[in-house]
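Just so it is clear: chains get the letters A, B, ... in the order the sequence lines come, proteins before strands, and each one is counted from 1. What you see is a predicted model; the values in this text were computed from it and never measured.
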Amino acid sequence: MARDRRKPLSYNAMPNSDPAAYDPQSVEPKWQRRWEERGTNHADLFGASRPYFNLMMFPYPSAEGLHVGNVFAFVGADIHGRYQRLAGSDVFEPLGFDAFGIHSENFALKVGTHPAELIPRNIERFRGQLKRIGLMADWRYEVQTTDPRYYRWTQWIFLQLFRAGLAVRRRAAVNWCPACKTVLANEQVIGGYCERHPDVRVEQRMLDQWFFTISGYAQRLLEHLETADWSHSTRTIQANWIGRSEGAELVFETPGGRRITVFTTRADTVFGATYLVLAPEHPMVADLTTAEQRADVQAYRRKVAAMDLVSRKVGEKTKTGVFTGSYARNPATGAAVPIWIADYVLMEYGTGAIMAVPGHDERDFEFAAAMGLPCVRVVAAPGQDASTPLAAAEPDVPDGRLVNSPGYDGLPWSEAGRAITQALEARGLGKAVVNYRLHDWCISRQRYWGPPIPIIYCDRCGTVPVPEEDLPVVLPALEDFRPDDSGVSPLARLEAWYRVPCPKCGGTARRETDVSDTFLDSAWYFLRYPSADRDDLAFDAGLTRKWLPVASYIGGNEHAVLHLMYARFITMALHDLGLVPFEEPFRRFRAHGTIIKDGAKMSKSRGNVVNPDAYIDRWGADTFRMYLMFLGPYQEGGDFRDAGINGIRRFLDKVWTLVQDAVAQTAREEASPDLVRVMHRTILRVTEDTESLSYNTAIAAMMEYVNALRDGGAGKELLAPLAILLAPYAPHFAEECWDRLGGSGSVMDQSWPSFDATLAVAEQVELVVQVNGRVRSRLQLSRGASEDLVVKAALADPAVLKFTSGTAPRKVVFVPDRLVNFVV
RNA sequence: GCCCGGGUGGCGAAAUGGCAGACGCAGGGGACUUAAAAUCCCCAGGGGGCGACCCCGUGCGGGUUCGAGUCCCGCCCCGGGCACCA
């Protein structure tokens, strides 16, 4: 733990000599042992009457061990689970490890140790750390995605999707690093160069890949978001990612009778479409290219094909493109417009072809200017007309109306699109369509550390799924698992492994040697948890019906698109196959905030990663848990500074002292009615705040209560409820307090205290008296004082008289039990 | 550029349109102690006044309202997501 030498953290700097003092180093291991012995954290999966599946995002067990961000995430979710249990639910809180994937593999390569050896060590360490922070995890149902008993069923899910036609094989472009000799994810390409080789340009390669056709689910995935009980931010990110846009497909015909279909969201501007642009890969390009233009077109297509996928999409650079030599007829104007190809048009969106309207689209304007193509105004703002010159593209003209568009002039542009599309549809040259930005999910990885895709290629029978009874296809041990230049997985080196007889005809065949994406492993792990001990099926139907959909899922927004989208898709697909009885996997999702350090996200490269171990050693898990939760609103995160952690420890010490004193008390005193009211109010606040994940204010409420108890004297009956309120936050500490106060059994088996709503409000209220909106006095009155009484008392107040000068106010605003405002 | 969040003391923050700054950290003063730590008590947004009190104050500029940190309009800044998506 780094801290200032000159001024060491002084709190508890010396070993505390007082044997009665709170010592987390003895309290915490003791209760962790008892929980284990008594099975306190176990859920009765079959017998539970009020099942509550409390899910948190399982970690990737990195070599560095757990970091503060993980602890923040897990503790927040654990508090929720513990609260639900105390509130009467049967909570199932499982954990596991997501240990396949390129990160593990790259790390293994770096340190020269096989992942099969590395991962179990990391998991061991993680599990130890997770137990230390006192999670209510039921470790009997731990899952590890790298275990053949798990990925057997990952492969099984692939087969279900394959049978349903949702897994398809097709050729697609991937990023290829010639130095790493492997395929890279888009995230690993930095400005056109390899993340790990900053001077090596990434290339584009065409490979056969397996895809899940998630794009067919775009509309459903979007629609369900509207009513989902999810964090607003997460819903917005997903909706943007799906990227629905309504528009039209319009047809431009060539003299040779070819029909070029373009997608546009601005059919209203079709009269201004002065040229067409196709993506360089568009299948019609070869046929459209004239002899004179062939050399140029081919050179351009080669150049684009060599580019990496990331810099291809960077919009800043100047536009390039080539004329094909052909023309097509604008369906609205009838004019012949030239057909170009340019890399600013992407094959994977829309139809891979656009009508260019330089007058009202910035990219088209830029391209037209560079190539000397004509530009026409078809929308005019009030005060402009058809001949007002265009100095730049005007994509969004407020109150704009169509011009230069015979038959539609004068129509507002926002309405004209529909009319024009309808008219073109009648001539077979257009129709309204909806497009989505969401692409199909490529699950092929030309890598080693993942579940082999369970497919066999037979020369006679073609693509044959591995029979379910032959699962798992075990990932074979491979000493040298480094990727190579071949463009296929290292598994392709193991002929003895991939050479298998065809399951259908028995002839020579070979296994698929690619492995599947790690995101597939994590797209269904929540289904596995309740059935983690079963080897005969992926998930038991009865348990699934009982425990799923997940009641609460808490995790980071860094997984808002990939993981959460894929999990939803897999669930929806399994539902359509009749394998699960629900379409959405998570009833409720809450995104927690990010813990940053010195204003930046924690990362190894920045060197600002904080290891929780040292804090737990020094302060104990409970203090550390509460400190993280007190940092700021849970759903916003905060900056990690260790200044302030002793505030939490002071709070726990105060509670400890109160408990000792109460236990030592011989004479039983009646609790003061005022303190009883404070207690009810505290229960109310902690209940509401814990429920809404406002952990920081729940802790503040408990602190206020403790301050009041110290002033007023506290007996056991005022402290026992506090022990329960504290249990989600500081579970070991709460157990110890509960035990010392004479409670029986685990504090986790108690009922959450209830409050009396009439006692939870103060008897005496302070009423604010304002004159013209400014506070001039305060009145102490009993709750429920009538307007008459308040106004009379307020007007008689000398501090008020000074400002009203005794005259009757023009207006009186009265808010019961809060304020009265005189307007004079 | 588009779409979400957010901007409040020295710091982390709190506040159904109704007392801005709860709770905590750091700080100052005092008690205890030979001394320190720990602990306990008090102070603590800025300015003015001996004082009771008064004025100013929630990124900036307007507006609605008896009353705005909170609602509306227009900006600035920070964080996140998307980005030649037609």
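- OP1 and OP2 of B:C4 both lie 4.0 Å or more from every side-chain N or O belonging to A:Arg235.
- Residue A:Arg650 has a polar side-chain atom (N or O) positioned under 4.0 Å from OP1 or OP2 of B:A26.
- The local environment of CZ in A:Arg244 is crowded, with over 12 non-hydrogen atoms from other residues, nucleotides or ligands closer than 6.0 Å.
- Using a 4.0 Å heavy-atom distance criterion, A:Ile354 is classed as a base contact.
- Straight-line distance from the NE2 atom of A:His559 to the P atom of B:G81: 13 Å, rounded to whole Å.
- Spacing between atom CD of A:Gln238 and atom P of B:C4 amounts to 16 Å, rounded to whole angstrom units.
- The distance from atom CZ of A:Arg437 to atom C1' of B:C3 is 12 Å, rounded to the nearest whole Å.
- Between A:Arg235 and A:Glu226 there is no salt bridge, since none of the side-chain N atoms of the basic residue sits less than 4.0 Å from a carboxylate O of the acidic one.
- Taking atom C1' on both nucleotides, B:G29 is separated from B:G21 by 22 Å, rounded to a whole Å.
- Between the C1' atoms of B:A22 and B:U8, the separation comes to 13 Å (whole Å).
- Under the 6.0 Å distance and 45° angle rule, A:Lys319 does not count as a cation-pi partner of A:Phe367.
- On the P atoms, B:G49 is 28 Å away from B:C42, given to the nearest whole Å.
- For A:Phe822 and A:Ala799, each mapped to the nucleotide of RNA chain B holding its nearest heavy atom, the one lying further toward the 5' end belongs to A:Ala799.
- Nucleotide B:G69 carries an anti base; the chi torsion (O4'-C1'-N9-C4 or O4'-C1'-N1-C2) is more than 90° from 0.
- One finds no side-chain N or O of A:His232 lying less than 4.0 angstrom from the OP1 or OP2 phosphate oxygen of B:C4.
- Straight-line distance between the C1' atoms of B:A83 and B:C77: roughly 22 Å, to the nearest whole Å.
- Rounded to an integer number of Å, the gap from CD of A:Glu394 to P of B:A86 is 20 Å.
- Residue A:Leu346 has its side chain nearest to B:A86 when only B:A22, B:A86, B:G81 are considered.
- Contact annotation: A:Asn646 side-chain N/O to B:A38 OP1/OP2 distance is not under 4.0 Å.
- OP1 or OP2 of B:A86 has at least one side-chain nitrogen or oxygen of A:Ser245 nearer than 4.0 Å.
- Taking the P atom of each, B:G46 and B:G51 are spaced 16 Å apart, rounded to whole Å.
- We find that CG of A:Leu438 is positioned 13 Å from P of B:C82, with the value rounded to whole Å.
- Rounded to whole angstrom, the span from the CG atom of A:Leu819 across to the C1' atom of B:A68 amounts to 14 Å.
- With rounding to the nearest 0.5 Å, the separation of CE in A:Met626 from CG in A:Leu628 is 11.5 Å.
- In this structure, A:Asn696 reaches the B:A14 phosphate: one of its side-chain N or O atoms is under 4.0 Å from OP1 or OP2.
- Taking only side-chain atoms of A:Glu704, from C-beta outward, the nucleotide of B:A13, B:A22, B:A86 with the closest atom is B:A22.
- Nucleotides B:C54 and B:U65 are separated by 25 Å at their C1' atoms, to the nearest Å.
- Here B:C23 sits opposite B:G12 as a Watson-Crick or G-U wobble pair (both hydrogen-bonding atom distances under 3.5 Å).
- A 4.5 Å side-chain heavy-atom check between A:Arg818 and A:Val768 finds every atom pair outside the cut-off.
- Between the CG atom of A:Asn821 and the P atom of B:U65 there is a distance of 15 Å, rounded to whole Å.
- For the pair A:Arg568 and A:Trp230, the distance from NZ or CZ to the six-membered ring centre is under 6.0 Å and the angle to the ring normal is within 45 degrees.
- Under the Watson-Crick or G-U wobble criterion, with both distances below 3.5 Å, B:U33 has no partner in any strand shown.
- A donor-acceptor contact under 3.5 angstrom links the side-chain atoms of A:Gln770 to the base of B:G18.
- In this model, the phosphate group of B:C56 is approached by a side-chain N or O of A:Arg774 to a distance below 4.0 Å at OP1 or OP2.
- A:Glu348 has its CD atom 13 Å from the C1' atom of B:A83, to the nearest Å.
- Side-chain N/O atoms of A:Arg776 include one lying less than 4.0 angstrom from OP1 or OP2 on B:C54.
- Here A:Asn707 lies in heavy-atom contact (under 4.0 Å) with sugar-phosphate atoms only.
- Spacing of C1' atoms, B:C55 relative to B:G63, comes out at 25 Å, to the nearest Å.
- Rounded to the nearest Å, the gap between the C1' atom of B:C32 and that of B:A38 is 11 Å.
- A:Arg625 forms no cation-pi arrangement with A:Trp619, by the criterion of a distance under 6.0 Å to the ring centre and an angle within 45° of the ring axis.
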